[in-house]
Protein chains: 2
Amino acid sequence: MAGRRATINDVASLAGVSIATASKALNGRQDVRASTRQRVLAAAEELSFQPNALARGLLSGQTRTVGLLTSDSAGRFGIPVLLGAEDAFGAGEMAVLLCDARGDAIREQHHLRALLSRRVDGLIVVGESTNPRLSVSRDLGVPVVYAYGPSDDPEDVSFVPDDVGGAAMAMNHLIALGRRRIAHVTGPEHYKAARDRVAGVALALSEAGLEQAGDTLWGTWSQRWGRHAAEMLLMAQPEIDAVFCGSDQVAAGFVEAVRERGRRVPDDIAVIGYDNWEVLSTETRPALTTVDMNLELLGRTAAQHLFAAIDGRATPGVHRMPCQLVIRDSTASSA
Amino acid sequence: MAGRRATINDVASLAGVSIATASKALNGRQDVRASTRQRVLAAAEELSFQPNALARGLLSGQTRTVGLLTSDSAGRFGIPVLLGAEDAFGAGEMAVLLCDARGDAIREQHHLRALLSRRVDGLIVVGESTNPRLSVSRDLGVPVVYAYGPSDDPEDVSFVPDDVGGAAMAMNHLIALGRRRIAHVTGPEHYKAARDRVAGVALALSEAGLEQAGDTLWGTWSQRWGRHAAEMLLMAQPEIDAVFCGSDQVAAGFVEAVRERGRRVPDDIAVIGYDNWEVLSTETRPALTTVDMNLELLGRTAAQHLFAAIDGRATPGVHRMPCQLVIRDSTASSA
DNA sequence: CGGGTTACTGAAAAGGGTTTCGAAAAATAT
DNA sequence: ATATTTTTCGAAACCCTTTTCAGTAACCCG
């Protein structure tokens with residue numbers, strides 16, 4: 001804690017040069033004799049000089065800092081996106097200002113103002129669900145990229161998981177395994193994620209010329225609902241041979257109830273989950289086949305596109321990022 | 001995106017005053033006529049003027065920004081601490097620079113330098129476990145508070161959960177319920193959290209004049225280990241009437257295996273977990289009694305103490321934050 | 001009407017770095 | 001030796017805000 005922090009002035013006087021020369025030497029510019037540069041570098045080292053990012057930013061207008069605005073970072077989905085973004089930024093020498101609005105619009109405005117006054121170079125807005133959210137980009141003056149939850153303004157840049165594709169991928173896997181009486185148990189209808197997956201299911205079924213086994217069962221994203229749905233389904237349609245669940249939680253509950261009823265997974269009924277939430281998907285018995293939304297990659301991609309947008313190369317629109325099927329025992333071939 | 005951003009200069013000319021007057025008017029200082037202030041405020045509003053935090057920080061030497069350095073924010077424990085801290089800072093108009101070192105010392109140094117060059121007012125270091133970690137405070141020039149994982153330097157300020165007290169609290173609950181043959185299944189011995197809880201168990205047992213049922217079973221923090229431990233335990237010591245598990249994951253596996261063996265929870269065997277990881281503790285059947293480490297509160301407290309430290313009122317040492325017992329069905333009175 | 005207050009206002013400096021431009025020094029050409 | 005070019009260096013402006021300090025105008029009182 002050596003009292004005051006060293007400035008370039010201190011470095012310059014210790015090296016016996018002007019601050020202009022010191023600056024050039026430190027930043028690797030031309031027009032500095034090698035021996036002089038050597039002296040300046042040594043002086044900087046001795047004083048453990050760190051250029052003041054505030055002064056630098058004030059002059060250049062670039063803070064090399066981005067804001068990360070999340071509505072609900074407590075949620076499972078925000079975190080991986082956030083980590084992916086942080087990772088991409090860290091590699092690019094960018095710093096991340098984290099703001100959690102806790103789903104409160106007032107707080108969001110407040111954070112937005114704070115970020116703007118700190119002159120961030122750009123902004124990533126991480127949604128709490130894949131439902132479109134109000135755009136904040138209007139008149140903001142800095143580029144914004146939306147991740148997970150897209151903006152409602154098509155002019156904005158958004159990155160979301162391709163839930164339609166993910167669901168279709170899961171269904172195609174079941175169909176390829178020879179399952180023909182496939183049910184679909186999912187979460188609340190007001191989630192776009194749930195509706196998109198319904199669309200993906202329909203797509204895959206119609207391509208295969210199949211009918212869904214019964215109506216889609218809407219519920220909650222909970223294990224409890226998975227159990228309940230399993231009980232209803234085994235009663236009403238005991239002939240089903242596969243179920244696509246809207247989340248790993250639902251799938252975990254479903255599997256548990258199926259086993260308790262004396263039916264086997266995957267032999268009698270194959271089960272697929274969604275999210276690849278590893279604490280759940282790998283710990284259930286049998287381990288869950290599930291759809292991974294690659295959220296960390298999504299966050300990283302969003303961050304990279306924010307870089308591009310900062311450089312003036314924005315790519316407006318909603319970009320759907322492919323999901324990935326992770327195959328485990330709950331759909332193992334009943335060979 | 002109105003081209004350049006408005007400066008106080010623009011506000012001043014629009015209001016027809018000098019920049020000094022504008023500044024005073026905006027900051028609510030004396031020596032400005034009410035009508036003049038009114039005009040300035042209107043001008044600022046019209047230009048949507050936001051004072052440049054860089055210029056302000058450069059002058060005052062205070063950035064109203066703190067660094068949050070985590071080793072592993074992917075972990076379950078870092079997140080709540082982080083959220084609590086972010087919450088406390090947000091309320092105090094502070095901004096949070098998030099850095100995740102991913103457990104890499106080089107990356108940590110790099111982030112540390114970046115934070116310092118941005119002139120953060122303080123730093124919170126969030127550990128990935130409660131094992132003590134290398135101090136970063138030496139010669140840093142800004143106050144540092146450690147959360148969850150304490151610093152190895154007793155001169156530093158650290159906040160950690162009181163695992164000894166938490167474990168004792170759990171055991172006392174079992175003892176109060178009349179259980180007398182209590183076993184302890186926990187995670188790897190190289191975790192200080194596991195060792196502390198062993199100490200808490202011993203404390204509670206000796207106070208009650210009881211012996212532990214068998215040796216402590218060390219394993220991993222997984223559900224798999226919980227199941228395995230249950231199988232071993234039911235074989236070797238079928239007389240046990242309660243188990244204290246080192247985590248909710250272990251407890252969930254334990255409960256599952258116990259039920260499969262035809263023994264009832266809590267009637268035959270009461271089970272307590274640790275962490276209060278709600279997706280697990282509330283979804284198992286029966287729902288788990290568990291110890292909550294109040295991590296969000298811990299993060300908030302750490303943040304508040306960082307404020308104090310920034311004001312020069314540091315309170316060195318390791319502060320243990322009390323845990324809280326959350327009682328659910330897995331220890332329900334078998335009345 | 002002059003002296004002493006009081007109420008405002010504005011010029012200027014400071015904070016730390018980068019960059020431009022001009023000047024000095026050194027090297028080369030004439 | 002002088003003229004010209006090249007290299008190296010330093011003074012000063014600039015980024016934006018806050019704050020100090022000096023100055024102006026209005027006001028009150030004698």
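All chains are named by letter (A, B, ...) in the order of the sequence lines, taking the proteins before the strands, and each is independently numbered beginning at 1. Excluded from the calculations below are hydrogen atoms, water molecules and symmetry mates; all remaining heavy atoms, backbone and side chain alike, are included.
We find that CZ of Arg64(A) is positioned 13 Å from P of dT18(C), with the value rounded to whole Å. The separation between Asp10(B) atom CG and dC15(D) atom C1' is 13 Å, rounded to whole Å. We find that CG of Leu54(B) is positioned 10 Å from P of dC16(D), with the value rounded to whole Å. Arg5(B) has its CZ atom 15 Å from the C1' atom of dC15(D), to the nearest Å. Taking atom CZ of residue Arg118(A) and atom P of nucleotide dC16(D), one finds them 18 Å apart after rounding to whole Å. Whole-Å rounding puts the Gln62(A) CD to dT18(C) P distance at 14 Å. Rounding to whole angstrom units, CZ of residue Arg33(B) and P of dC27(D) are separated by 10 Å.
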Nucleotide-resolved protein contact map, nucleotides 17-24 of chain D, B/S/- at heavy-atom distance under 4.0 Å: BBB-----

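With values rounded to the nearest 0.5 angstrom, Glu296(A) atom CD is found 10.0 Å from Leu82(A) atom CG. Atom OG in Ser18(A) sits 7.0 Å away from atom NZ in Lys24(A) (nearest 0.5 Å).
A distance-only check finds no donor-acceptor pair linking the side chain of Glu128(A) to the backbone of Gly103(A) [under 3.5 Å]. Checked by atom type and distance alone, the side chain of Arg300(B) never pairs as donor or acceptor with a backbone atom of Ala88(B) at under 3.5 Å.
A salt bridge is defined here as a Lys NZ or Arg NE, NH1 or NH2 lying under 4.0 Å from an Asp or Glu carboxylate O, and Asp163(B) with Lys192(B) fails to meet this definition. Using a 4.0 Å cut-off between charged nitrogen and carboxylate oxygen, Asp156(A) and Arg133(A) do not count as a salt-bridge pair. Taking a cutoff of 4.0 Å between a charged side-chain nitrogen and a carboxylate oxygen, Asp311(A) and Arg313(A) qualify as a salt bridge.
Direction change of the helix axis from one end of the helix from dC1(C)-dG30(D) to dT30(C)-dA1(D) to the other is 60°, with five pairs defining each end axis (rounded to 10°).
For the residue pair Arg118(B) / Thr65(A), a side-chain donor-acceptor distance below 3.5 Å is found, with atom types taken as modelled.
Taking the six-membered ring where the residue is Trp, His305(A) and His319(A) present tilted rings, their angle falling between 30° and 60°.
Contacts of Thr36(A) with the nucleic acid, taken as non-hydrogen atoms under 4.0 Å apart, involve only primed sugar atoms and P, OP1 or OP2.
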